[in-house]
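Numbering starts at 1 and runs along the sequence shown. On a predicted model such as this, the values are computed, not experimentally measured, just so you know.
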Amino acid sequence: NFVTTDVPPPVDLETALEVGAWTWGWMEPCLGEASFVLICLAFARNQIINLGYKPYTCGLKARRASKLIETYPQYNAAVLTQFSESDDFITVAK
C-alpha cells in the first residue's frame, strides 16, 4: 500500500542482494532527505554557537536558574545558578 513503484519481476528478485537493491531504490530518497535535514540542523546549531548565542538547552538552564533565584532570594544567586545549571533535567529512578 505504501510503495508506489512497480515491483520487479520475480526473475529480478531471486537473491537477497537483488531485493536489497530494489528496496534501497525507493528508500534512499527518504533517508537522504532526512539525513540532509539533520546535517543542516547540526550546521545551524554550530553557527549559532560560533556567533555567541546560547543553544536552546543553555537557555532552559538559565531560565531555570532565574526562577530558582526568584523563589529563594535569601540564598546567594551565584551558588543557586551553579547548582541549577549542574543539575540534570530528568531524574532517573535507580
Side-chain angles (χ1 to χ4, degrees):
N1 291 344
F2 297 105
V3 180
T4 58
T5 61
D6 295 331
V7 177
V11 137
D12 292 339
L13 298 176
E14 291 177 349
T15 66
L17 294 176
E18 291 172 338
V19 173
W22 172 70
T23 56
W24 181 252
W26 59 267
M27 283 299 296
E28 194 271 332
C30 303
L31 294 174
E33 286 187 29
S35 298
F36 180 73
V37 167
L38 291 175
I39 289 170
C40 288
L41 290 173
F43 178 75
R45 183 180 188 277
N46 283 330
Q47 293 307 312
I48 288 171
I49 291 171
N50 288 341
L51 291 173
Y53 292 107
K54 292 181 177 179
Y56 183 70
T57 53
C58 291
L60 283 178
K61 286 184 176 185
R63 197 169 331 140
R64 184 174 66 173
S66 64
K67 286 183 182 180
L68 197 59
I69 291 169
E70 289 175 11
T71 305
Y72 301 104
Q74 68 269 26
Y75 297 113
N76 186 343
V79 172
L80 287 175
T81 301
Q82 290 173 358
F83 170 74
S84 175
E85 290 177 353
S86 67
D87 193 30
D88 291 334
F89 284 114
I90 300 172
T91 306
V92 178
K94 294 182 180 179

Sidechain-backbone polar pair: [X] side chain, [Y] backbone, donor-acceptor under 3.5 Å:
X	Y	result
S86	F83	yes
S84	L80	no
E18	T15	yes

Flag the pair [X] / [Y] as yes when at least one side-chain heavy-atom distance between them is below 4.5 Å, and no otherwise.
X	Y	value
N50	Q47	yes
P55	I49	yes
Y75	L68	no

Exercise for review: Can you measure from CG (L13) to OG1 (T23) and round to the nearest 0.5 angstrom?
Suggested key: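 Answer rounded to 0.5 Å: 9.5 Å.
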**Study point:** CG-CD distance between N76 and Q82, expressed to the nearest 0.5 angstrom
**Key:**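 Reported to 0.5 Å precision, the distance equals 8.5 Å.
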Check your understanding: Looking only at heavy atoms, what is the nearest atom pair of P8 and D12, with distance?
Key ->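 For P8 versus D12, the nearest heavy atoms are CB-CB, 4.0 Å.
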Practice item. Over all heavy atoms of both residues, which pair between K61 and E85 is shortest? Give the atoms and the distance, please. Key: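 The answer is NZ-O, 3.3 Å.
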Point to revise | V19-M27 co-clustered via ILVMFWY side chain contacts under 4.5 Å | key: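 V19 clusters together with M27.
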Exercise for review: Report yes or no: do W24 and W22 belong to one cluster of Ile/Leu/Val/Met/Phe/Trp/Tyr joined by side chain heavy-atom distances under 4.5 Å?
Suggested key: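 Yes, W24 and W22 fall within the same hydrophobic cluster.
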